[in-house]
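Below is one structure, written out as structure tokens; the observations come after it.
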Amino acid sequence: MAFEQCPPLRPFPVRMGKRLAPGWWWSATTGHLVHYASAAIRLHVMLLDRDPRVSALAARPLELRWRGPGGVRAHVPQLMIRLTDGQGVLADCTAKTELSQRQRSLAAVLDSICAAVDWRYWVLGPVDPVYRQNVAWLSGYRHPRHHGGQQLAAALQEAFAAPRPLLEGVRGIGDPLVVLPALFHALWTGRLEAVGDQAIPHPDRCWRHVIPHLDVHGIPQGDGDRRTSSTGTRAARTRGDIRSQPWPIRFLPRC
């Protein structure tokens, strides 16, 4: 069954006094709205929406039930992800850096359930705040209307065939008010990358972006138990652990 095409099993409620902000995210991957309940879920929906290995996203499309020591238990994963290779992934999001014992026990059970059908289960944790701000900026240009057309896309590819200062390349193509949205869209889709110390201009700010290659952001890598972060430390990748992404990105505030 294509769970990624199912509507939410039940909506995310709005509770008085709770700091939750449910809403809808328009997905450039699917062209549909994805429901989210909190800022933590919205963050990872945004990151997954940019990842080229993700073909579909859905919020709470199914409920898992199993019999445990205390009787029948149930859990509704917050996200269901379909990868381009056809594999399914169930995920829960958290803003905490560590899982409680109860969350670890739940993650272990859900991981074994997913493994039985050749799926995966992830707990998606906090992300580097600078990387989050950079991707959030680019997400404003994710809609296809910012593509600019084939002629402009080809001009961008030709102008940045070799590394060069961003504004220099933009002015060589035409009016920056026309070219910049198409450039930001190309950065979102991964057709172009800003590397090194290139600065992406904004009327009020100077942004310095280092956009990682798209095969290493958004979702955990491979099936290994460990990975190396940008600082040289190694983060545990054992089942049930939080997946975090300490990206080497710098941000320059107002100039």
State plainly whether one hydrophobic cluster holds both L62 and V109, where clusters connect Ile, Leu, Val, Met, Phe, Trp and Tyr through side-chain heavy atoms under 4.5 angstrom apart. yes
Any residue meeting side-chain contact (heavy atoms from CB on, under 4.5 Å) with D118, in chain and number order, not counting sequence neighbours: Q87
Nearest non-hydrogen partners of G148 and A182, listed with the distance: CA-CB, 4.4 Å
Under a side-chain separation threshold of 4.5 Å, the hydrophobic residues clustered together with V76 are L9
Looking at residues at least two apart in the chain, or sitting in another chain, which of them share a ring-ring contact (aromatic ring centres under 6.0 Å, His included) with H146? Y141
I'd like to know if V179 and L177 are part of one continuous hydrophobic network [Ile/Leu/Val/Met/Phe/Trp/Tyr, side-chain heavy atoms within less than 4.5 Å]. no
Can you pull the side chain to side chain donor-acceptor pair (under 3.5 Å) pairs that have at least one residue in residues 69-84, sequence neighbours excluded? E4-R82, H75-D92
If you measure from CZ on R132 to CE on M46, what distance do you get to the nearest 0.5 Å? 8.0 Å
If you compare all heavy atoms of P176 against all heavy atoms of V170, which two are closest, and at what distance to 0.1 Å? CA-CG1, 3.7 Å
To the closest 0.5 Å, what do you measure between CD (Q133) and CG (D128)? 9.0 Å
Going by ring-ring contact (aromatic ring centres under 6.0 Å, His included), name the residues that satisfy it together with W24, two or more places apart in sequence or in a different chain. H35
List the atom of P126, the atom of A95, and the distance in Å for their closest heavy-atom pair. CG-O, 3.5 Å
How long is the gap from CG on D51 to CD1 on I81, to the nearest 0.5 Å? 9.5 Å
Taking side-chain contact (heavy atoms from CB on, under 4.5 Å) as the definition, give me every residue that meets it alongside A154, ordered by chain and number, with sequence neighbours left out. none
Shortest non-hydrogen contact between K96 and T94, atoms and distance: N-OG1, 3.1 Å
Write out all pairs satisfying salt bridge (Lys or Arg N to Asp or Glu O under 4.0 Å) with one or both partners inside residues 24-38, taking only residues at least two apart or from two chains. none
Hey, any chance W119 and M1 share a hydrophobic cluster, counting ILVMFWY side chains that come within less than 4.5 Å of each other, even indirectly? yes
Which pairs pass salt bridge (Lys or Arg N to Asp or Glu O under 4.0 Å) with one or both residues in residues 170-186, sequence neighbours excluded? none
Quick one: pull up CZ in R142 and CH2 in W26 and give me the separation to the nearest 0.5 Å. 6.5 Å
Verify side-chain contact (heavy atoms from CB on, under 4.5 Å) between L106 and Q103, making sure each step is shown before the conclusion. CA-CA 5 Å; L106 176 63; Q103 290 173 320; 5.6 Å; no
Between L110 and W66, is the side-chain contact (heavy atoms from CB on, under 4.5 Å) condition met? List the steps. CA-CA 10 Å; L110 296 181; W66 67 95; 4.0 Å; yes
State which residues pass salt bridge (Lys or Arg N to Asp or Glu O under 4.0 Å) with E63; sequence neighbours excluded, sorted by chain then number. R10, R65
Full working for side-chain contact (heavy atoms from CB on, under 4.5 Å) between E158 and I173: CA-CA 10 Å; E158 181 179 356; I173 298 174; over 6 Å; no
side-chain hydrogen bond (donor to acceptor under 3.5 Å, both in side chains) partners for S27, two or more places apart: T30, D49
Restricting to non-hydrogen atoms, name the atom on L90 and the atom on P77 that form the minimum distance, rounded to 0.1 Å. CD1-CG, 3.9 Å
List for me each residue that meets salt bridge (Lys or Arg N to Asp or Glu O under 4.0 Å) alongside R145, sequence neighbours excluded, and say none if there are none. none
Taking all non-hydrogen atoms of both residues into account, name the closest pair between G169 and F160 and its distance. CA-CZ, 3.8 Å
Tell me whether Q157 at atom CD has more than 12 heavy atoms from other residues, nucleotides or ligands lying less than 6.0 Å away. yes
So how far is it from C93 SG to L79 CG, rounded to the nearest 0.5 Å? 4.5 Å
Stepwise side-chain contact (heavy atoms from CB on, under 4.5 Å) test for L57 and W25: CA-CA 11 Å; L57 283 169; W25 173 271; 6.0 Å; no
Could I get the full list of side-chain hydrogen bond (donor to acceptor under 3.5 Å, both in side chains) partners for E168, not counting sequence neighbours? R164
